[in-house]
Amino acid sequence: MKYSIPRGTKDILPADSPLWQKLEAICRHVFGAYNYHEIRTPVFEKTELFTRSIGNTTDIVKKEMYEFKDRKGRSLCLRPEETAPVVRAGLENGLIRPDQVTKLYYIGPMFRYERPQAGRQRQFHQAGVEVFGSADPLIDAEVILMNVQLFEALGLMDLEVNMNSVGCPKCRPEFRQQLKAYFKDNISKMCDDCRDRFEHNPLRILDCKEAKCQKFINSAPASVDTLCADCKTHFEEVIKMLDYQEAKVVVNKRLVRGLDYYNRTTFEVVAKSLGAQNAISGGGRYDDLVAELGGKPTPAVGFAIGIERVIEVLKKSEIALAQQPKVKIFFAALGDEARKLAFDLVIGYRERFINADMDYLGKSLKSQLKLADKLGAEKVIILGEDELKKGYGIIKDMKTSKQEEVKLDSLAEVM
RNA sequence: GUGGCCUUAGUGUAGUGGUAACACAACAGAUUGUGAUUCUGUUAUUAGGGGUUCAAUUCCCCUAGGCCACCCCA
C-alpha cells in the first residue's frame, strides 16, 4: 500500500460512525440539560498557551506535543487538551467574567505524540465541559453528577467514580514536604520510576503499581489529611452534596491528576473492562488557571471524557448499536428510457427526505434486486421496457415478495 | 522514550526451504427480466528493503506499521 494512515490515528468508518453520532448526541443532550453551551476553538494554538497552563514538567508538554513553526516562524501546537484553549477563547471574547457563571462544552479531536496502545492514539477525541466563575462546592458536585448522568444515559455499567482533593497552593507545598519526608528513608528500596518521581513530582508516587512500592505507599500521608481549613471544608461540602444526591462516588486518597493546574477537587471515572488505559473521563477544579492566562482571578471546574475509550466500552457491552440509515425504496430500471424515469422518481423521493436509491452500473435485474436486498430496501419499483410501453411499473414488497402493477404517474406516491 | 508478540487475497485465518490453502465477503453465471438458499467461476508475486541459499512466503538483519505492557494520560 503506497499511502497508509499516519501512526496512531484511526479512520472512523461508516460501520462505526452511527455510534459516534449517538454518543455525541447524548453528550449534547445531557450538557444542554445542565445549561452548558458549545464552544468550538481552533485545533492549534500558540505553543505558549499550553506550556503555561499544563505545566513545563508534565510529559504532555515535555515530549507529547505536536509542535510546528508556521511560515512566519511562529511556534504553534496541535492542541493536546482543550481546557486552556477554552479559557483563552473565553477571555478573548469576554465570555468569562469573575462575577458570573459561564458554562461551556466542547467536542473535538486532540493530539498527543505518544506510543500507540489500547485506548491511546495520537489523534483522539474528547467531549468536555468547563464552568467558570463559581467556587461553590455545588458546582463541583454538579459537574461530577453530570458526568455520571452522561454515562448512565449511555447505559454504561461497571464504572468506578473516584474523587480526591489535592489542596491549593497554600496547603499543597505542606503535603509535598510531608510526602518527601515520609518516603525519604525508603526511596532507595523503591522502583526507578518512583525515585525519579521523588525528585520531580512526589505526588505521582502515590499511584505507582509496583508491588515493592505499594507497601510503602499504603501508609503514606494522604493529601486530604493535610488540607488547609478552606480546602477541607470545600471538600467536605462536595462530598455532602454528592451523598445527598446518592451518587456512587468513592473517595480515593491515592488519586493524583497529571496536569499542574488542578487544585482542590479532582476526579476520574474508570471502566474496569478496559485494560491499562481505563480512565474514560477525568477532571477537577482549576481556580488559578484563568488568572495564570491573563484574566481576573476566576474559579473554574471541568472534565473531559475520552470518546474512543467510551466507544470501546459501548462495543464491549453490546449496548444498542445505532443503525445505518436504510433504503426505503429502490428503483430497478432496465434500459435507458426506464433509467431516466427512475432517476427522476428517485430525486423526487429524496426531495421529500425519503431514502431512495437506484442502480448506477447498468446491472441485470437480478443483480439490481440483490443490491436492493443488501441495502435493506422495503420496496423495489421495477421499471422494464415492457412495463414502460404499457404505462405501468411493478412494485415489489421485499418482505412479502408480493408484486403488483401500478400506473406510472402514481409511482411518485408509493411511500 | 523502553520492552514483548505480530504483519499471508476486501476481512478472518492455514501452510511448507522448491514457485500459496480455507472460510466469509465482493463480482459474474446456472437456457437468456426478479432478491435471503444451493452450485460454478473470478479475485494475492505472502508489509517494504537487504542478506544466507541452486531456490524463501517459510531462516537472519534493518525499516515501517499493528497489538499489548511500562511511562503518562482521556
Side-chain angles (χ1 to χ4, degrees), chain A residues 1-10 13 15 54-55 57-64 79-83 107-128 147 191-194 196-197 200-201 204 207-210 256-259 267-271 274-284 302-313 327 330 332-335 338 359 361 363-388 394-403:
Chain A
M1 199 76 67
K2 192 169 182 186
Y3 297 107
S4 56
I5 195 166
R7 182 157 204 209
T9 63
K10 287 239 164 69
L13 302 173
I54 299 171
T57 59
T58 59
D59 277 16
I60 294 179
V61 167
K62 273 195 303 189
K63 54 186 193 188
E64 295 176 2
R79 62 184 184 204
E81 58 109 37
E82 172 101 67
T83 297
I107 300 176
M110 310 295 155
F111 308 84
R112 290 181 202 172
Y113 190 90
E114 296 184 276
R115 192 85 168 254
Q117 140 187 16
R120 176 197 281 164
Q121 295 166 205
R122 291 184 171 179
Q123 175 175 341
F124 61 100
H125 297 76
Q126 291 186 330
N147 193 170
C191 71
D192 292 350
D193 288 325
C194 278
D196 199 53
R197 293 181 184 117
H200 302 109
N201 195 349
R204 293 227 67 92
D207 57 9
C208 181
K209 290 155 200 153
E210 285 285 330
V256 186
R257 307 235 76 243
L259 280 49
F267 70 99
E268 76 179 17
V269 182
V270 298
L274 274 190
Q277 311 301 326
N278 62 0
I280 55 174
S281 83
F303 71 82
I305 75 165
I307 295 184
E308 280 84 356
R309 292 181 185 177
V310 172
I311 296 266
E312 275 314 296
V313 180
V327 171
F330 187 91
L334 297 165
D359 163 66
L361 295 172
K363 293 189 181 203
S364 67
L365 179 61
K366 187 190 181 79
S367 294
Q368 293 194 45
L369 279 162
K370 231 183 228 179
L371 179 60
D373 188 50
K374 202 173 70 178
L375 297 175
E378 288 174 22
K379 288 186 161 63
V380 174
I381 307 287
I382 300 170
L383 294 170
E385 275 150 353
D386 296 350
E387 286 84 1
L388 225 56
I394 295 169
I395 167 168
K396 174 164 188 162
D397 185 310
M398 293 299 275
K399 281 221 178 71
T400 62
S401 292
K402 281 190 181 134
Q403 303 191 166

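Order of the sequence lines sets the chain letters (A, B, ...), proteins ahead of strands, with each chain counted from 1.
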Asker: Nearest whole Å is fine: how far is G33(B) P from Ile394(A) CD1?
Answerer: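 Atom-to-atom, Ile394(A) to G33(B), this comes out as 13 Å.
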Asker: For atom P, what is the distance between G66(B) and G12(B), given to the nearest Å?
Answerer: 15 Å
Asker: Would you tell me if any nitrogen or oxygen in the side chain of Arg197(A) comes within less than 4.0 Å of OP1 or OP2 on C72(B)?
Answerer: yes
Asker: Figure out the NZ/P separation between Lys363(A) and U34(B), and round it to whole Å.
Answerer: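 Roughly 16 Å, once rounded to whole Å.
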Asker: Is there a donor-acceptor pair under 3.5 Å between the side chain of Glu81(A) and the backbone N or O of Met110(A)?
Answerer: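 Pair absent, no side-chain N/O of Glu81(A) close to backbone of Met110(A).
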Asker: Rounded to whole angstroms, how far apart are CG on Asn278(A) and P on A74(B)?
Answerer: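 One finds 13 Å between P of A74(B) and CG of Asn278(A), rounded.
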Asker: By nearest nucleotide on RNA chain B, pick out whichever of Val256(A) and Glu387(A) is the more 5' one.
Answerer: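 It is Glu387(A), whose closest nucleotide lies nearer the 5' terminus.
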Asker: Starting the side chain at C-beta, find the nucleotide from A74(B), C70(B), A28(B) nearest to Ala276(A).
Answerer: C70(B)
Asker: Using only atom types and a distance under 3.5 Å, with no angle test, would you say the side chain of Glu64(A) pairs donor to acceptor with the backbone of Glu114(A)?
Answerer: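 A pair under 3.5 Å: no.
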Asker: Which part of the nucleic acid, if any, lies within contact of Ile307(A), taking any heavy atom under 4.0 Å across all strands shown: a base, the sugar-phosphate backbone alone, or nothing?
Answerer: nothing
Asker: Counting the atoms with a prime plus P, OP1 and OP2 as sugar-phosphate, which does Arg204(A) contact under 4.0 Å by heavy atoms, base, sugar-phosphate, or nothing?
Answerer: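 Since only primed, P, OP1 and OP2 atoms lie under 4.0 Å of Arg204(A), the category is sugar-phosphate.
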Asker: Take atom NZ of Lys63(A) and atom P of U2(B), then tell me their distance rounded to the nearest Å.
Answerer: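 Interatomic distance, NZ of Lys63(A) to P of U2(B): 10 Å.
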Asker: Determine the interatomic distance between P on G1(B) and the same-named atom on U63(B); round to the nearest Å.
Answerer: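 Roughly 12 Å separates the two P atoms.
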Asker: When you measure from every atom of RNA chain B, which of residues 367-376 of chain A have a heavy atom less than 4.0 Å away?
Answerer: Ser367(A), Leu369(A), Lys370(A), Asp373(A), Lys374(A)
Asker: To the nearest 0.5 angstrom, please state how far the CD1 atom of Ile311(A) sits from the NE2 atom of His125(A).
Answerer: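 Reported value, rounded in 0.5 Å steps: 10.0 Å.
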Asker: Under 4.0 Å between any heavy atoms, over every strand shown, what does Arg7(A) touch: base, sugar-phosphate, or nothing? Just pick one.
Answerer: sugar-phosphate
Asker: Atom CZ of Arg122(A) to atom P of C73(B): distance rounded to whole Å?
Answerer: 17 Å
Asker: Does Ile280(A) or Glu385(A) map to a spot on RNA chain B nearer the 5' end, using the closest nucleotide for each?
Answerer: Glu385(A)
Asker: Examine A74(B): is either OP1 or OP2 under 4.0 Å from a nitrogen or oxygen in the side chain of Gln126(A)? Give yes or no.
Answerer: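 Looking at the OP1 and OP2 atoms of A74(B), neither is under 4.0 Å from any side-chain N or O of Gln126(A).
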Asker: Suppose we call a contact any N or O donor and acceptor under 3.5 Å apart; does that hold for the side chain of Lys396(A) and the base of U34(B)?
Answerer: yes
Asker: RNA chain B in dot-bracket, Watson-Crick or G-U pairs under 3.5 Å, [ ] crossing, | other strand?
Answerer: (((((((..((((.......)))).(((((.......)))))....(((((.......))))))))))))....
Asker: Between atom CG of Asp397(A) and atom CD of Gln403(A), what is the distance when rounded to the nearest 0.5 Å?
Answerer: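 Rounded to the nearest 0.5 Å, the CG-CD separation comes out at 10.0 Å.
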Asker: Rounding to an integer number of angstrom, what distance separates G41(B) and U46(B) when you compare their P atoms?
Answerer: 25 Å
Asker: How many whole angstroms separate atom CD of Gln121(A) from atom P of G66(B)?
Answerer: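 In whole Å, G66(B) P lies 10 Å from Gln121(A) CD.
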Asker: What integer distance in Å separates Glu114(A):CD from C68(B):C1'?
Answerer: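 That distance rounds to 15 Å.
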Asker: Determine the contact category for Gly128(A): base if any of its heavy atoms lies under 4.0 Å from a base atom, sugar-phosphate if only primed atoms, P, OP1 or OP2 are that close, otherwise nothing.
Answerer: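 No contact at all - Gly128(A) keeps every heavy atom at 4.0 Å or more from the nucleic acid.
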Asker: Over all strands shown, is Glu312(A) touching base, sugar-phosphate only, or nothing at heavy-atom distances under 4.0 angstrom?
Answerer: nothing
Asker: How would you list, by chain and number, every residue that makes a side chain to side chain contact (heavy atoms under 4.5 Å, CB included) with Glu385(A), sequence neighbours excluded?
Answerer: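 Per chain and number, Glu385(A) pairs via side chain to side chain contact (heavy atoms under 4.5 Å, CB included) with no residue.
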Asker: Does Arg120(A) make a side-chain donor-acceptor contact with the base of C71(B), cut-off 3.5 Å?
Answerer: yes
Asker: Over how many whole Å does the gap from Ile107(A) atom CD1 to A74(B) atom C1' extend?
Answerer: 14 Å
Asker: Give Glu82(A) one of three labels, base, sugar-phosphate or nothing, depending on what nucleic acid heavy atoms sit under 4.0 Å from its own.
Answerer: nothing
Asker: Arg115(A) side chain N/O closer than 4.0 Å to the phosphate oxygens (OP1, OP2) of C72(B)?
Answerer: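 Negative; the distance criterion is not met.
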Asker: Looking only at atom types and distance, does a side-chain atom of Arg309(A) sit under 3.5 Å from a main-chain N or O of Ile280(A), one as donor and one as acceptor?
Answerer: no
Asker: Is the backbone of Gly8(A) close enough, under 3.5 Å, to the side chain of Arg115(A) for a donor and an acceptor to pair up by distance?
Answerer: no
Asker: Arg112(A) side chain: which of A74(B), G33(B), C68(B) is closest?
Answerer: A74(B)
